[in-house]
Amino acid sequence: MSEVLEKIKEGTNEVISIKDLKKKLESSKKLTIKMGIDPTAPNLHLGHTVLINKLKTFQDLGHQVIFLVGDFTAQIGDPSGMSEIRQTMTKEQIKLNMRTYTDQVFKILDRNKTKIVYNSEWLGKLEMSEFFNLIAKSTVARMLTRDDFKKRYLNNNPISMAEFLYPLLQAYDSVVLCVDIEIGGNDQKFNLLLGREIQRSYGFNDVQTVITMPLLEGTDGIKKMSKSYNNYIALNDSPKDMFGKIMSISDELMYKYYKLLTQVDFNSIKNMHPKDAKYALALTIVERYYTKEISLKTKDEFDNIFVNKNISNDIIKKYYLIDADVKLSDLIFKSGMVLSKNEAKRIIAQGGIKIDFKKVNEDFIIRCEKSFILQIGKKKIIKILVKNTN
RNA sequence: GGGGGUGUGGCAGAGUGGUCUAAUGCACCAGACUGUAAAUCUGGCGGGCUUGCCCUUCGGUGGUUCAAAUCCAUCCGCCCCCA
């Protein structure tokens, strides 16, 4: 039993409370574990996998895992950690995002053993009277104890009634689903704890155990991984992007990623050269979401491009040059790799353009004689194919 | 309902008639150095071209003025206090 408990506790930020959890595990009842994600972005990313992995632990122990898609709550917007009012999302946006979610989840969880639910199923049908019954169970003062609400309130920043009530809806999910354990990110702590209180108000004898997981920083190493900060590594990023993004993180962050995303023993990597350790991490992650073969191939490609400066045809984007004469800046703009011609000119002026691996300046004249490789900065590489006019 | 305040570039935040494409910081992009690291340094960071000029931007609209982010009117958003 203590072995199981250790396994569950591993990597968590907090378990509230351990005593609860122990009791539940000892009851040998099949427990219901919930984790919810609002489909506010089309992709799940590695940050989410920290939670999903923990869910997987419970699944492997034979418990019932519920993956909750917050299609209803997404319309309101979780205010957690937000310093400003959230844009509400339309049903269409949400639907679009939801479509890709479940497949991505099953890259980790067992499809046959996972229950997927959508909270619009019950929240969408909630009677006004029942809704008031719910919100009567908490108080304004209680809500304002939440740090981000308090900060916003003190800074005279707006808090909409909708987001103010959000935590109650999440708590209500736990009531409807009779959840024994809820898993969430560290920033979810308030919402998760409120779930306990609300369950109690609804007459639950045993309220949910709360497990919080540390937040995974994004590739910038500062903010939490999130679509809105554009610092994420998505589960359906191409192997090349996934590999590249991991290689570009700082060493310090790499060790955190090891801790939160892999089971690798720290002792086995601490003596490695950071670069090699990072290679190993990138390989591990890409392998998990693709295959070993793909991960190895991706590494080769990566080395080819960035170490050997040797680019093979099948790994770069292609662009067909049709016109006979094109200015360099126009070509760069037309290739779609920059947003404006001015930007193209700027990059040229700053020496950021290479053609066939040689730096070129603005006087460079493009000859429509043979195909060539165009590099814009370090990361954008495309091959320009000269269309044969005859 | 009454009173006060506020709205500036992706974000934060200066600017209260011309010198404003708008200080500064963050973010972002490029270069140098590297391990496509990080840190640091340098440059850039609205659009267009015939590179010197043109066009567009300070919540929206209208106005005053030779000249408006800045003044006036009006509308919209947001915050606070009183009820």
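Naming: A, B, ... by sequence-line order, numbering from 1 per chain.
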Separation of atom [atom1] in [X] from atom [atom2] in [N], rounded to whole Å:
X	N	atom1	atom2	answer
A/K151	B/C79	NZ	P	19 Å
A/K245	B/U36	NZ	P	19 Å
A/L283	B/G35	CG	P	19 Å
A/F302	B/G35	CZ	P	12 Å
A/Q375	B/C29	CD	P	16 Å
A/E343	B/A30	CD	P	9 Å

Given [options], the nucleotide with the shortest approach to the side chain of [X]:
X	options	answer
A/K341	B/A38, B/G48, B/C79	B/G48
A/M247	B/C78, B/U36, B/G35	B/U36
A/I347	B/C29, B/C78, B/G35	B/C29

Can you tell me if NZ on A/K189 sees more than 12 non-hydrogen neighbours from other groups inside 6.0 Å?
no
I'd like to know whether CD of A/E130 has more than 12 heavy-atom contacts from other residues, nucleotides or ligands below 6.0 angstrom.
yes
Within the structure shown, what part of the strands sits under 4.0 Å from A/L253 by heavy-atom distance: base, sugar-phosphate, or nothing?
nothing
Name the nucleic acid region contacted by A/Y153, choosing base, sugar-phosphate or nothing; use a 4.0 angstrom heavy-atom cut-off, strictly under.
sugar-phosphate
[atom1] atom, [N] versus [M]: distance in rounded Å?
N	M	atom1	answer
B/C82	B/A68	C1'	36 Å
B/G15	B/U24	C1'	11 Å
B/U50	B/A12	C1'	40 Å
B/C75	B/G7	C1'	14 Å
B/G31	B/U36	P	14 Å
B/C26	B/G43	P	14 Å
B/A30	B/U19	C1'	30 Å
B/G9	B/G59	C1'	14 Å

Using a strict threshold of under 4.0 Å (side-chain N to carboxylate O), is an ion pair present between A/R196 and A/D20?
yes
With a 4.0 Å cut-off on N to O distance, would you call A/E3 and A/K7 a salt bridge?
no
Pairwise side-chain contact, A/F164 with A/I135, heavy-atom cut-off 4.5 Å (strictly under):
no
Would you say the base of [N] and the side-chain of [X] have a donor-acceptor pair closer than 3.5 Å?
X	N	result
A/Q350	B/G31	no
A/N342	B/G46	no
A/K275	B/U36	no

Taking only N and O in the side chain of A/R346, is any of them less than 4.0 Å away from OP1 or OP2 of B/C28?
no
Does a side-chain N or O from A/S248 land closer than 4.0 Å to OP1 or OP2 of B/U36, or not?
no
How are the rings of A/F302 and A/Y279 set relative to one another: parallel (under 30°), tilted (30 to 60°) or perpendicular (over 60°)?
perpendicular
